[in-house]
Amino acid sequence: MSSLLNTGLLGAAFGACICWSGPVTAAVACATPGQDADPAALFDMVAPSVVTIEATSDGDRMVGTGFLWDRAGHVVTNEHVIRSGKQLTIRFSDGRAVRPSTISVAAHLDVAVLLADTREAPPVSHEAAGRLGIGQRVFAIGNPYGSGVSLSRGTISGLDRPVDLGGGRRIDNAIQTDASLNSGGPLIDARGCLVGMATALVVPSAGEPNVGFAVPVDLLERTVARLIEPGVRKVSDVAPDASGTTALGILAEDARPGIRVLKVMPGSRAATLGAKPGDLITHADDRPVNSVAALTAHLKRRGADGMRLTFLRGKESRTVEVLLASTSL
């Protein structure tokens with residue numbers, strides 16, 4: 001069996017989403033213990049809570065999956081699903097498409113939380129699913145290849161599996177399953193309770209079964225709780241807007257003090273200034289930068305006027321001036 005871990009996006013032109021007859025507003029709840037739902041009922045219950053995430057970059061469109069975590073508008077997915085996109089779009093089951101207003105990441109666990117206007121769409125239930133066991137039936141919902149939301153079934157093949165995802169990312173207690181997984185999609189039990197989030201798969205040889213791994217729900221709950229706390233690893237994408245004009249073209253996170261550059265978009269104004277991942281932006285127009293939100297607000301106030309930015313790389317500090325053509329997120 002091949003040992004190649006695939007944690008990347010599946011690239012495809014986005015097709016039509018599966019749509020339901022009307023918006024579902026009731027909260028999704030697990031079935032009563034001992035009253036497992038049939039697969040069709042599970043799909044009808046959980047699929048409205050599953051979203052498609054498109055990451056667009058330089059004309060390429062990558063498609064991944066996410067799901068609604070709560071009624072505050074948080075959407076959970078893999079960090080690797082959003083990593084390569086200059087522009088992110090969340091598509092809901094009712095056909096709406098929105099951009100996230102805030103991104104929070106725990107890259108070491110391959111977890112990301114997006115904040116968006118969900119308009120009372122139902123979250124996936126992550127109430128206590130009970131003790132998991134080898135051989136237990138599970139179901140995965142996702143949008144493979146951007147072809148539409150679909151369901152696959154399988155069993156739990158192993159528990160507490162250590163999985164090295166590469167790039168310093170590692171999960172010590174992953175769920176192993178033979179269900180067909182799509183990055184960022186929910187893994188649920190026969191009652192419709194969330195048991196994990198699809199994260200990685202081993203690319204099998206012809207005729208061999210799927211081997212996939214999911215972040216267990218208890219680890220996911222602790223991680224998401226930290227990410228949605230005020231001021232914790234809030235990330236904002238100061239990048240090309242829908243009209244094609246550009247702002248800085250960086251992905252950054254709060255570093256307190258300053259903000260840390262996580263990614264520099266090729267060809268962006270930040271790239272021409274020589275910005276690199278790991279740089280700290282400490283000042284804008286000689287004013288301290290305390291958060292991504294503060295820099296974004298300052299960019300909007302400045303409009304197309306010149307701005308002085310101070311970068312810190314190691315012990316070296318330098319100030320540059322940049323003329324912004326646009327300052328929208």
Side-chain angles (χ1 to χ4, degrees), residues 1-11 42 46 50-53 55 62-67 69 75-84 105-113 124 126 129-145 149-190 192-224 226-227:
M1 174 180 290
S2 168
S3 61
L4 176 63
L5 278 177
N6 178 6
T7 62
L9 285 170
L10 298 173
L42 280 177
V46 179
V50 177
V51 300
T52 296
I53 298 175
M62 301 295 186
V63 181
T65 304
F67 57 95
W69 183 259
V75 174
V76 176
T77 187
N78 289 139
E79 184 269 340
H80 76 255
V81 165
I82 68 170
R83 187 189 313 143
S84 63
V105 297
H108 64 296
L109 296 174
D110 199 18
V111 176
V113 179
V124 175
H126 42 95
R131 184 177 178 83
L132 301 180
I134 305 297
Q136 179 178 334
R137 281 198 307 160
V138 287
F139 299 85
I141 299 181
N143 189 355
Y145 304 101
V149 180
S150 61
L151 177 141
S152 68
R153 73 171 77 192
T155 59
I156 292 179
S157 311
L159 297 169
D160 298 321
R161 298 296 202 222
V163 180
D164 188 349
L165 302 175
R169 295 169 298 145
R170 177 184 172 88
I171 301 171
D172 292 323
N173 59 338
I175 299 170
Q176 180 183 332
T177 179
D178 59 358
S180 180
L181 302 182
N182 182 237
S183 294
L187 185 69
I188 59 176
D189 65 11
C193 294
L194 182 71
V195 299
M197 177 181 68
T199 295
L201 59 89
V202 176
V203 179
S205 300
E208 294 185 332
N210 293 320
V211 178
F213 298 96
V215 181
V217 66
D218 55 345
L219 175 59
L220 198 59
E221 285 181 327
R222 293 194 301 271
T223 304
V224 172
R226 289 196 300 269
L227 290 179

By side-chain contact (heavy atoms from CB on, under 4.5 Å), which residues pair with S152, not counting sequence neighbours?
A140, A179, S180

Taking V215 as the fixed residue, which of D110, I171, V76 is the one that meets the side chain to side chain contact (heavy atoms under 4.5 Å, CB included) rule?
I171

Taking it one step at a time, do Q136 and D189 satisfy side chain to side chain contact (heavy atoms under 4.5 Å, CB included)?
CA-CA 8 Å; Q136 179 178 334; D189 65 11; 3.8 Å; yes

Partner set under side-chain hydrogen bond (donor to acceptor under 3.5 Å, both in side chains) for N173, not counting sequence neighbours:
none

Which residues share a side-chain hydrogen bond (donor to acceptor under 3.5 Å, both in side chains) with R153, sequence neighbours left out
none

With sequence neighbours left out, write down each residue that passes salt bridge (charged side-chain N to carboxylate O under 4.0 Å, His left out) with D172, or none if nothing qualifies.
R170

Under the side chain to side chain contact (heavy atoms under 4.5 Å, CB included) criterion, do E79 and V111 qualify, and how do the steps go?
CA-CA 5 Å; E79 184 269 340; V111 176; 6.0 Å; no

Set of side-chain contact (heavy atoms from CB on, under 4.5 Å) partners for A198, sequence neighbours left out
L181

Applying side chain to side chain contact (heavy atoms under 4.5 Å, CB included), run through L220 and W69 and close with a yes or a no.
CA-CA 10 Å; L220 198 59; W69 183 259; 3.8 Å; yes

Would you please say whether a donor-acceptor pair under 3.5 Å links the side chains of T52 and N143?
yes

Checking F67 against L194 for the side chain to side chain contact (heavy atoms under 4.5 Å, CB included) test, could you report, in this order, the C-alpha distance in whole Å, the side-chain angles of both residues, the deciding distance, and whether it holds?
CA-CA 10 Å; F67 57 95; L194 182 71; 3.8 Å; yes

Is it true that S157 and D178 share a donor-acceptor pair across their side chains at a distance under 3.5 Å?
no

Heavy-atom donor-acceptor pair, T77 side chain to V75 backbone, under 3.5 Å:
no

Could you check L132, I175, L187, T155 and say which one makes a side chain to side chain contact (heavy atoms under 4.5 Å, CB included) with V138?
L187

